[in-house]
Undergrad: 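Pasting a structure here, questions to come.
A note on names: the letters A, B, ... follow the listed sequences, proteins ahead of strands, and every chain is numbered from 1.
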Amino acid sequence: MEVLNTLGRVRIPFVPEHDGSVGIYVCGPTVQANPHVGHGRSAVAFDVIRRYLMYRGYAVTYVRNITDIDDKIITAANEQGVSIEDVATRAAERFEATQDALGVLRPDIEPRATDHIAEIIDMIGDLIVKDHAYVAGGDVYFAVRSFAHYARLSNRNLDEMLAGARIATGDIKRDPLDFALWKAAKPGEPQWPSPWGPGRPGWHIECSAMARRYLGDTLDIHGGGTDLIFPHHENEIAQSEAVTGRPFAKVWLHNGMVTLSGEKMSKSTGHFVDLATLLADHPPLAIRLFYLRAHYRSNVEFSPDLIADAVASFERLQSFRRRHADMEGTALDAGIVAAFETAMDDDFNTPVALGVLFDAVREGNRLSDEGGEATGVAAAVERILEVLGLIPEATGSDRLDGLAADLEGLAAELGLAPGRGVEETLERVIDHRTEARANKDWSTSDKIRDGLASIGIVIEDGADGVAWHRK
RNA sequence: GGCGACGUGGCCGAGUGGUUAGGCAGAGGUCUGCAAAACCUCGUACCCCGGUUCAAUUCCGGGCGUCGCCUCCA
């Protein structure tokens, strides 16, 4: 298995620190507002990486933080006249709802910054003792120049950065590039006691503290969006390595951005599409498929047409699964599985993996059309879909929940008594149509099909009977 | 300006020094009462200019263009 490490931009074999186990830390959201399509992309990218590592037999510990204290949360709370806990809790709930819908597995550990103030304070204290940080007023800053490897991840030159840096007037920092580890409390802001006076953590330190707490000094994989490379991940490296003297992460993986008419989606500019809305309007896993069509590292353009494209593509997979259900216990087609693994071993190349998947789908359908044995192919398809997280919850799409009244109405129109349950009512309606077809009463037959379609039930006449599914 | 990524058929999107990516859309066909689903066939694509090579979309150089980061950001 090979991955492209952002650090050094080199392809390297993936070898975890400890045999058989992998610790992953992914930067999660700052919970201040509703998630947009870009947040979903990042979550899905690392969810697939996690699932594939598990598939490959690693014991994965997946940590994704929630940053629940930050300037923007405070601003939002003040604007809405509620507490920061309210803002954070509500935003976190919405975030998790979208994650669930996208089929993103819950993290093994989901630490919150405000639950780790003690670890944060310890780490800052350590940095001061080691002369990598200094107190100024009630603030504490990291002294960037004290860390020789600073800016190695983003490949920047400190002096050139300085030339272009904003000069804040009256700055108490020793160097304009220094960043805050601890911010002195301002009136009306949430605060915690510390050796340097009451205050709150700066933005980057919580990730260093929490990653170390749960995964130790060296992470196998650290992930996040490309927009976090500088300064966030750069600062994490500086803080963590200055304390431990060990490499902070073996591998850095970064997902590309989602763009909208060519430009990055971004909360702050208002240039974004709300994720929950998108998920409500489409099969959520079709959105997941939309993300997976491009390699995780590239940027991906969003548009309604491209979503429609992904929905149609997803429907093809669904149709295949309906046709090839009940594959339990079947041996997987080895060639297909091997091709899938080759694709994923190559830096999690999901577009190629999807190519393998759709090749297999065509092959399976062809075999079935010819009356051949497609179970091995179908079982392999199912396995791949599982690893990619593209199998819908059984409880959702093909149940008749909520359609009882509609179906009974339809039955009544046809002069049929309702069945004992929705299923049976539908059965009676379909039987009635089958009878009509047998009598070549096409108008009745088509009317029933249209009626069912209008309540979201699709009828397909096949060689071996009538099949239905929900749209 | 610095750092990084990228320019592929109607759209999206992999990939390779010479041999089919894949998806969506489109055309024709098979099946079918019709429809849907499915299958078969069809598109000789690789920003421009040089260079290396028997051979370049793929390697090298230059140009043009797009995007990301350099400030909060997945």
Side-chain angles (χ1 to χ4, degrees), chain A residues 6 9 26-30 32-33 35-46 64 70-72 75 151 153-157 159-161 163-166 168 203 223-232 234 254-259 262-269 272 275 289-290 292-295 297-301 303 305-320 322-323 343 346 349-370 437 440-443 445-446 449-450 453 458-463 467 469:
Chain A
T6 305
R9 267 99 196 160
V26 176
C27 286
T30 299
Q32 43 125 347
H36 61 64
V37 177
H39 297 111
R41 206 269 171 111
S42 183
V44 167
F46 289 104
R64 184 190 60 211
D70 138 289
D71 291 352
K72 287 193 174 173
T75 306
L153 181 69
S154 55
N155 199 18
R156 279 155 213 264
N157 176 301
D159 296 314
E160 280 170 2
M161 281 167 60
R166 283 188 189 174
W203 172 37
T226 53
D227 54 352
L228 296 181
I229 293 172
F230 188 91
H232 186 55
E234 205 68 79
H254 289 97
N255 64 277
M257 301 292 99
V258 177
T259 59
E263 276 172 35
K264 180 190 165 189
M265 279 200 194
S266 170
K267 187 104 246 163
S268 56
T269 56
F272 67 91
L275 182 56
L289 179 62
F290 163 76
L292 264 23
R293 297 194 311 169
H295 189 271
R297 213 171 330 100
S298 338
N299 286 357
V300 61
E301 169 74 1
S303 79
D305 279 355
L306 293 169
I307 293 298
D309 194 297
V311 169
S313 188
F314 180 66
E315 188 45 45
R316 179 168 163 78
L317 297 174
Q318 290 302 97
S319 170
F320 181 86
R322 282 194 294 271
R323 187 178 185 185
D346 180 14
N349 196 330
T350 56
V352 170
L354 290 173
V356 171
L357 178 70
F358 282 100
D359 278 343
V361 164
R362 193 190 325 102
E363 175 68 4
N365 277 323
R366 214 201 71 221
L367 288 169
S368 294
D369 279 0
E370 292 169 356
R437 292 186 70 220
K440 299 197 191 298
D441 179 1
W442 309 127
S443 81
S445 159
D446 290 349
R449 187 171 61 201
D450 292 346
V458 178
I459 290 292
E460 293 179 4
D461 300 317
H469 63 91

Undergrad: CE of M257(A) versus P of rG68(B): gap in Å, rounded?
TA: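 About 10 Å, once rounded to whole Å.
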
Undergrad: With a 4.0 Å limit, can you tell me whether N349(A) has a side-chain N or O closer than that to the phosphate oxygens OP1/OP2 of rG15(B)?
TA: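 Yes, within the criterion.
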
Undergrad: So which nucleotide does rA55(B) pair with, by the Watson-Crick or G-U wobble rule with both distances under 3.5 Å?
TA: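 Partner of rA55(B): none found under 3.5 Å.
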
Undergrad: What contact category does V26(A) fall into here, base, sugar-phosphate, or nothing, at under 4.0 angstrom with non-hydrogen atoms?
TA: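 No contact at all - V26(A) keeps every heavy atom at 4.0 Å or more from the nucleic acid.
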
Undergrad: Calculate the interatomic distance between R437(A) atom CZ and rG33(B) atom C1'; express it in whole Å.
TA: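 Computing the R437(A):CZ to rG33(B):C1' distance gives 8 Å.
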
Undergrad: Keeping the roles fixed (side chain from N349(A), backbone from V352(A)), state whether a donor-acceptor pair exists under 3.5 Å.
TA: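 Yes: the side chain of N349(A) pairs with the backbone of V352(A).
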
Undergrad: Do D309(A) and rG23(B) have a side chain to base donor-acceptor pair shorter than 3.5 Å?
TA: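 Indeed, a donor on one side and an acceptor on the other fall under 3.5 Å apart.
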
Undergrad: Would you say the side-chain atoms of S368(A) pair up with the backbone N or O of G364(A), donor to acceptor, closer than 3.5 Å?
TA: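 Yes.
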
Undergrad: Using heavy-atom distances to pick each residue's nearest nucleotide on RNA chain B, tell me which of D305(A) and R41(A) is more 5'.
TA: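 On the 5' side of the pair lies D305(A).
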
Undergrad: Taking atom C1' in both rC6(B) and rG15(B), what distance in whole Å separates the two?
TA: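 It comes out at 15 Å once rounded to the nearest Å.
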
Undergrad: Looking at every strand, decide which applies to G224(A) at a 4.0 Å heavy-atom threshold: base, sugar-phosphate, or nothing.
TA: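 Sugar-phosphate: the residue G224(A), judged by heavy atoms under 4.0 Å, touches backbone atoms but no base.
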
Undergrad: Rounded to the Å, how far apart are R9(A) CZ and rC6(B) C1'?
TA: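 In whole Å, rC6(B) C1' lies 14 Å from R9(A) CZ.
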
Undergrad: Backbone N or O of L292(A) within a donor-acceptor pair of the T350(A) side chain at under 3.5 Å?
TA: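 Confirmed, T350(A) side chain pairs with L292(A) backbone.
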
Undergrad: Got a donor-acceptor pair under 3.5 Å from the side chain of S298(A) to the base of rG13(B)?
TA: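 Side chain to base: no pair below 3.5 Å.
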
Undergrad: Do we see a donor-acceptor contact under 3.5 Å between the side chains of N255(A) and R41(A)?
TA: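 Short answer, no.
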
Undergrad: Report yes or no: is the cationic atom of R156(A) (NZ for Lys, CZ for Arg) closer than 6.0 Å to the six-membered ring centre of F230(A), at no more than 45° off its axis?
TA: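 Yes; both conditions hold, so R156(A) lies above the ring face of F230(A).
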
Undergrad: What do the steps show when you test D359(A) against R362(A) for salt bridge (Lys or Arg N to Asp or Glu O under 4.0 Å), and what is the final call?
TA: CA-CA 5 Å; D359(A) 278 343; R362(A) 193 190 325 102; 3.3 Å; yes

Undergrad: Taking the side chain as everything from C-beta on, heavy atoms only, tell me whether K72(A) gets closer than 4.5 Å to S268(A).
TA: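 Sidechains of S268(A) and K72(A): in contact.
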
Undergrad: Show each protein N/O and nucleotides 36-41 of chain B N/O combination with a separation under 3.5 Å, one pair to a line.
TA:
from: rA36(B); atom 1: O2'; to: E460(A); atom 2: OE2; distance (Å): 3.4
from: rA37(B); atom 1: O3'; to: S319(A); atom 2: OG; distance (Å): 3.3
from: rA37(B); atom 1: O2'; to: S319(A); atom 2: OG; distance (Å): 3.1
from: rA38(B); atom 1: O3'; to: N365(A); atom 2: ND2; distance (Å): 3.1
from: rA38(B); atom 1: O2'; to: R323(A); atom 2: NH1; distance (Å): 3.4
from: rA38(B); atom 1: O2'; to: D369(A); atom 2: OD1; distance (Å): 3.2
from: rA38(B); atom 1: O2'; to: D369(A); atom 2: OD2; distance (Å): 2.6
from: rC39(B); atom 1: OP1; to: R316(A); atom 2: NH2; distance (Å): 3.2
from: rC39(B); atom 1: OP1; to: N365(A); atom 2: ND2; distance (Å): 3.4
from: rC39(B); atom 1: OP2; to: R316(A); atom 2: NH1; distance (Å): 3.2
from: rC39(B); atom 1: O4'; to: D369(A); atom 2: OD2; distance (Å): 2.8

Undergrad: Would you mind reading off the distance between R297(A) atom CZ and rG13(B) atom C1', rounded to a whole angstrom?
TA: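 Rounded to the whole Å, the gap is 15 Å.
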
Undergrad: Could you say whether S154(A) or M265(A) is positioned toward the 5' end of RNA chain B, judged by the nucleotide with the nearest heavy atom to each?
TA: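 Here S154(A) is the residue nearer the 5' end.
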
Undergrad: Indicate whether F358(A) forms a stack on rG23(B); treat it as stacked only if centroid distance is below 5.5 angstrom and interplanar angle below 30 degrees.
TA: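 Base of rG23(B): not stacked against F358(A).
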
Undergrad: How many angstroms lie between CZ in R449(A) and CG in D461(A), if you round to the nearest 0.5 Å?
TA: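 R449(A) atom CZ to D461(A) atom CG measures 6.5 Å (nearest 0.5 Å).
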
Undergrad: rA37(B) and rC31(B): how far apart are their C1' atoms, nearest whole angstrom?
TA: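 Approximately 11 Å lies between the C1' atom of rA37(B) and that of rC31(B).
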
Undergrad: If I pick the C1' atom on rG43(B) and the same atom on rA38(B), what distance separates them, to the nearest angstrom?
TA: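 Going atom to atom, C1' in each nucleotide, I get 22 Å.
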
Undergrad: Quiz question: going by heavy-atom distance under 3.5 Å, is there a donor-acceptor pair between the base of rG2(B) and the side chain of N155(A)?
TA: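 No, the side chain and the base share no sub-3.5 Å donor-acceptor pair.
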
Undergrad: Between rA74(B) atom P and L275(A) atom CG, what is the distance in whole Å?
TA: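 Value for this atom pair: 13 Å.
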
Undergrad: In whole angstrom, give me the gap between the P atoms of rG28(B) and rA36(B).
TA: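 Approximately 14 Å lies between the P atom of rG28(B) and that of rA36(B).
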
Undergrad: Taking A151(A)'s backbone N and O only, do any of them form a donor-acceptor pair with E234(A)'s side chain (distance below 3.5 Å, no angle check)?
TA: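 At least one qualifying donor-acceptor pair exists.
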
Undergrad: Using the P atoms only, state how far rU57(B) lies from rC46(B), rounded to an integer number of Å.
TA: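 My reading of the P atoms in rC46(B) and rU57(B) gives 8 Å.
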
Undergrad: Heavy atoms from C-beta onward define the side chain here; which of rA35(B), rC72(B), rA14(B) lies closest to that of K72(A)?
TA: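 Of rA35(B), rC72(B), rA14(B), rC72(B) is nearest to the side chain of K72(A).
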
Undergrad: Looking at the side chain of A312(A), which of rC24(B), rA14(B), rA74(B) is the nearest nucleotide?
TA: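 From the listed options, rC24(B) comes nearest.
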
Undergrad: Please step through side-chain contact (heavy atoms from CB on, under 4.5 Å) for the pair V311(A) and F290(A), ending with a clear verdict.
TA: CA-CA 8 Å; V311(A) 169; F290(A) 163 76; over 6 Å; no

Undergrad: F230(A) has an atom CZ; how far is it from atom C1' of rG2(B), in whole Å?
TA: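 It is 12 Å, rounded to the nearest whole Å.
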
Undergrad: Over all strands shown, is H232(A) touching base, sugar-phosphate only, or nothing at heavy-atom distances under 4.0 angstrom?
TA: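 Since no nucleic acid heavy atom lies under 4.0 Å of H232(A), the category is nothing.
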
Undergrad: Figure out the CD/C1' separation between E160(A) and rC70(B), and round it to whole Å.
TA: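 Atom CD in E160(A) sits about 11 Å away from atom C1' in rC70(B).
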
Undergrad: For rG68(B), what is the paired nucleotide under Watson-Crick or G-U wobble rules, both distances under 3.5 Å?
TA: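 Partner of rG68(B): rC3(B).
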
Undergrad: When you compare rU71(B) with rC64(B), how far apart are their P atoms, in angstrom units rounded to a whole number?
TA: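 Each nucleotide's P atom is 27 Å from the other's.
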
Undergrad: Which nucleotide wins on minimum distance to the side chain of R156(A), given the candidates rA74(B), rC67(B), rG2(B)?
TA: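 It is rG2(B).
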
Undergrad: Considering only rG13(B), rG68(B), rC12(B), which nucleotide approaches the side chain of R293(A) most closely?
TA: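 So the side chain of R293(A) is nearest to rC12(B).
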
Undergrad: Rounded to the nearest angstrom, tell me the gap between atom CD in E234(A) and atom P in rC72(B).
TA: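 The answer, rounded to whole Å, is 14 Å.
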
Undergrad: Verify, without hydrogens or angle tests, whether N299(A) (side chain) and G256(A) (backbone) share a donor-acceptor contact under 3.5 angstrom.
TA: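 A pair under 3.5 Å: no.
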
Undergrad: Quick one: label N299(A) by what it contacts on the DNA or RNA (base, sugar-phosphate, nothing), any heavy atom closer than 4.0 Å.
TA: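 If one applies the 4.0 Å heavy-atom cut-off, N299(A) turns out to touch the sugar-phosphate alone, with no base involved.
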
Undergrad: Check every atom of rA74(B), rG33(B), rC12(B) against the side chain of C27(A) and return the nucleotide holding the closest atom.
TA: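 So the nucleotide nearest the side chain must be rA74(B).
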
Undergrad: Name the pairing partner of rG26(B), where a pair is Watson-Crick or G-U wobble with both distances under 3.5 Å, or state none.
TA: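 Paired with rG26(B), as far as the under-3.5 Å criterion goes, is rC42(B).
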
Undergrad: Once you apply the 3.5 Å cut-off to both distances, tell me the Watson-Crick or G-U wobble partner of rG9(B), or none.
TA: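 rG9(B) is unpaired by these criteria.
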
Undergrad: Does S313(A) reach a base, just sugar-phosphate, or nothing at all? Heavy atoms under 4.0 Å.
TA: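 Counting heavy atoms under 4.0 Å across all strands, the contact made by S313(A) is with sugar-phosphate only.
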
Undergrad: What does rG33(B) pair with, Watson-Crick or G-U, if both distances are under 3.5 Å?
TA: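 Checking every strand shown, rG33(B) finds no partner, since no pair has both distances under 3.5 Å.
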
Undergrad: Between rA5(B), rG22(B), rC11(B), spot the one nearest the side chain of D359(A), thanks.
TA: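 Comparing rA5(B), rG22(B), rC11(B) against the side chain of D359(A), the answer is rG22(B).
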
Undergrad: With respect to the phosphate group of rA5(B), does any side-chain polar atom (N or O) of T6(A) fall under 4.0 Å of OP1 or OP2?
TA: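 It does not, given that no N or O in the side chain of T6(A) lies less than 4.0 Å from OP1 or OP2 of rA5(B).
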
Undergrad: Determine the Euclidean distance between corresponding C1' atoms of rU53(B) and rU44(B); express it in Å to zero decimal places.
TA: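 It works out to 23 Å between them.
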
Undergrad: On the nucleotide rC69(B), are OP1 or OP2 found under 4.0 Å from the side-chain N or O atoms that K264(A) carries?
TA: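 The answer is yes; a side-chain N or O of K264(A) sits under 4.0 Å from OP1 or OP2.
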
Undergrad: Can you tell me how far P in rC11(B) sits from the matching atom in rU30(B), rounded to whole Å?
TA: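 It comes out at 31 Å once rounded to the nearest Å.
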
Undergrad: Can you tell me the pairing partner of rG50(B) across any strand shown, Watson-Crick or G-U wobble, with both distances under 3.5 angstrom?
TA: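 Looking at the geometry, rG50(B) pairs with rC60(B).
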
Undergrad: Have a look at L306(A) and say if it touches a base, only the backbone sugar-phosphate, or nothing, with a 4.0 Å heavy-atom cut-off.
TA: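 The residue L306(A) makes sugar-phosphate contact but no base contact.
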
